[in-house]
Amino acid sequence: MATLDNWGEAIDLSEIKKAKRGATVQLEQGLLDFLSKTLGAGQAVALTGFTIDPKKFSDEKDAGNERQRIGAIIRRHVNHLRDEGLIANEKVSINWHPEADYPQISFKS
């Protein structure tokens with residue numbers, strides 16, 4: 001290492017150390033098991049356990065934010081299953097049921 005004025009030191013690229021960024025992903029084993037057994041070609045999954053009640057939110061924007069948060073949880077689980085080779089390597093579609101407000105998951109065709 002060579003000291004460079006008061007600003008720092010020059011280091012070799014092999015000495016770079018990186019800290020983990022962001023939160024650690026939390027995966028629910030029950031959801032992983034359910035998706036790996038039920039999600040397949042020509043099959044859709046209704047995740048009624050993620051039903052939201054829009055009346056509990058101050059406006060539609062807040063309800064939409066909750067749908068996005070849930071969608072991110074679902075995608076993390078699907079991506080994990082895909083990375084492990086437990087489901088097909090296809091993009092997943094998440095559509096919210098218009099009346100009951102729960103996510104419906106399927107592979108994009």
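Positions are given from 1 along the sequence. These figures come from a predicted structure and were not determined experimentally.
When all heavy atoms are compared, the tightest approach of Ser106 to Leu39 is CA-CD1, 4.1 Å. Across every non-hydrogen atom of Ile94 and Gly71, the tightest pair is CD1-O, 3.8 Å. Nearest heavy-atom pair across Val92 and Arg82 is CG2-NH2, 3.8 Å.
Under the 4.5 Å side-chain heavy-atom criterion for ILVMFWY residues, a single connected hydrophobic cluster contains both Leu32 and Ile105.
A distance-only check finds no donor-acceptor pair linking the side chain of His97 to the backbone of Gln104 [under 3.5 Å].
In this structure, Val78 and Ile87 have side chains that are in contact, with non-hydrogen atoms separated by less than 4.5 Å. Within the 4.5 Å cutoff, side-chain heavy atoms of His77 are placed close to those of Glu28. Within the 4.5 Å cutoff, the side chain of Asn89 has no heavy atoms near those of the Phe107 side chain. Counting heavy atoms from C-beta outward, Gln29 and Asp33 have side chains that approach closer than 4.5 Å.
With no hydrogens or angles considered, no side-chain donor-acceptor pair links Arg76 and Asn79 at under 3.5 Å.
Within the structure, the salt bridge (charged side-chain N to carboxylate O under 4.0 Å, His left out) test picks out the following pairs touching residues 93-102 (sequence neighbours left out): Arg67-Asp101.
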Side-chain donor-acceptor distances from residues 40-56 under 3.5 Å, at least two apart:
residue: Thr51; atom: OG1; partner: Thr48; partner atom: O; Å: 2.7
residue: Asp53; atom: OD1; partner: Lys55; partner atom: N; Å: 3.1

